[in-house]
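Worksheet: one structure, shown below.
Sequence lines set the chain letters: A, B, ... in the order given, protein chains first and strands last, and positions in each chain run from 1.
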2 protein chains.
Amino acid sequence: MDRLQLKQQFIDYFNQYHSKIDWSLFKCEIDLHLLKKGQHLFQQGDDAKRLYFLNSGLVRYCNVSDKGKEYTQSIAKAPRVVGSTRAMTLGTPALFSIEAVTDSIAISFPWDIFYQQMSQDLGFMKAYATFLETIFIQKELKESSIIHLSATQRYLNFCRDFPELPGTMPQQQIASYIGITPIALSRIRARIKESAGSR
Amino acid sequence: MDRLQLKQQFIDYFNQYHSKIDWSLFKCEIDLHLLKKGQHLFQQGDDAKRLYFLNSGLVRYCNVSDKGKEYTQSIAKAPRVVGSTRAMTLGTPALFSIEAVTDSIAISFPWDIFYQQMSQDLGFMKAYATFLETIFIQKELKESSIIHLSATQRYLNFCRDFPELPGTMPQQQIASYIGITPIALSRIRARIKESAGSR
DNA sequence: ATAGGGAATTAACCTAAGTTTATTGGTGCA
DNA sequence: TGCACCAATAAACTTAGGTTAATTCCCTAT
């Protein structure tokens, strides 16, 4: 799998959002990231001014609060654009790390150079806007689920949305995605199993 | 205050995100909304395919869950673009209502016509992308505050972010913004007052 | 083969917030 | 003037989830 192919996967992915993008503007240099499970694309606090494209694998966005609580904000499956919108656009340090849940492959390029080149193209901007709309809507839904649903229901939804993950991903990380402690998740799983058995 | 002035306020607002927007493309018809406190721009479940611009006043985005829990997702002060990104772009019914917290003035136009006209212009698309980046980042921060902070801390932050609102806005609504019941908020306020008195 | 370390489970206890119900306090309206 | 209604508070009780600590299980490295 060479760089050209990886780059083409990125282009194919973005074309999905808008078909008329002038990719001849895209000239910036590409970095390659081969991640082993547990390795990071970048860490909370870094200047994460690059745009990453996850060619294969699975990553999670996680951040640690002042009090040391770890929280998995988001889980992203390839193929997908990943990175910190905030860090890229405002130039502030990233508020989360991106960590490989499974071995993963990604490419990246400096956001400001890439954006400068591509923002000349209307097609790209339309695609980018659609991408932003999509991730915004996802965030709204996640917020709503945190507010309105119980931890049990959020776990069941997690199993529905990522059926391949329970078993693969450590339960601590699943718990942190749901917003609870691993102990609470363990209790919830026990209760689910029990009520399934008694039926 | 006539329509032309209200439209100009919208244009000024958007120019803030990008200065080179070709507003001659903007030809669609404008509706005017004069809202008394408590009235709605649209309601949860409506086809909210319009973009609204809040010229003056204050609104809240609120949604009611299956179980009848009300939650205030967001509070917007004029001048600001408001509306449901999801309902506009996907054409699905709105998941929240927009309600005037104080008497407010807004204008609106059909999103699809507006977008079709304005998306011809690169400057507009850059402004729109920047707008989306901004609201996405705000959502990320709100999610983080829900997960990592206690209700008490979220209340204190609310008072910091909207110093004019405690006293103006009913406490039920403040509670629903923080994600707790009015009873819980009342308890929290009592505890704060008490610990302030004992100091 | 075994010792050590992390992951998951379980139990006991604690705390924040929800629920129910009752009381107080304004505000508007007859 | 007083009634009615809603907002806010308060008290009593329940519950979900956090915290601490002990136990088991499994995997890896020696």
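Counting to the nearest Å, the P atom of C:dG6 and the CD atom of A:E70 are 15 Å from each other. Atom NZ of A:K37 and atom C1' of C:dA7 are 12 Å apart (whole Å). Between A:K193 atom NZ and C:dT10 atom C1' there is a gap of 13 Å when expressed in whole angstrom units. Taking atom OH of residue A:Y155 and atom C1' of nucleotide C:dA8, one finds them 12 Å apart after rounding to whole Å. One can place CD1 of A:I192 at 11 Å from P of C:dT9, the figure rounded to the nearest angstrom. Rounded to whole Å, the distance from CE on B:M169 to C1' on D:dA7 is 14 Å. Rounded to an integer number of Å, the gap from CD1 of B:I174 to P of D:dA7 is 13 Å.
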In 5'-to-3' order, the base (B), backbone-only (S) or no-contact (-) status of each nucleotide in nucleotides 14-25 of chain D, using a 4.0 angstrom heavy-atom cut-off, is ---BBBB-----

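Taking the six-membered ring wherever Trp is involved, the centroid distance between the rings of A:F109 and A:F10 falls below 6.0 Å. Ring centroid separation for the pair B:F14 and B:F124 comes in under the 6.0 Å cut-off.
Side-chain contact check for A:S108 and A:H33: at least one donor-acceptor pair (N or O, by modelled atom type) lies under 3.5 Å. Looking at B:W23 and B:D121, their side chains never bring a donor and an acceptor atom within 3.5 Å of each other. B:Y128 and B:E133 form no side-chain donor-acceptor contact under 3.5 Å, judged by distance and modelled atom types alone. Side-chain contact of A:D12 with A:Q8: a donor-acceptor pair under 3.5 Å is present, judged by distance alone.
Of the side-chain N and O atoms in B:Q173, none sit less than 4.0 angstrom from OP1 or OP2 of D:dA7. Within the 4.0 Å cut-off from OP1 or OP2 of D:dT9, at least one side-chain nitrogen or oxygen of B:R189 is found. Phosphate proximity of D:dA7 to B:Q171: absent, as no side-chain N or O sits under 4.0 Å from OP1 or OP2.
Side-chain contact between A:Y61 and A:N63: absent, with no pair of heavy atoms (C-beta onward) separated by less than 4.5 Å.
Axis angle across the helix from C:dA1-D:dT30 to C:dA30-D:dT1, with five pairs used at each end and values rounded to 10°: 30°.
What you find for B:V59 and B:A100 is that their closest heavy atoms are CG1-CA, 4.0 Å.
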In residues 74-95 of chain A, what donor-acceptor pairs under 3.5 Å come from side-chain atoms, sequence neighbours left out?
unit_1 : atom_1 : unit_2 : atom_2 : d
A:K77  : NZ     : A:E164 : OE2    : 3.2
A:S84  : OG     : A:A87  : N      : 2.9
A:T89  : OG1    : A:T85  : O      : 2.8

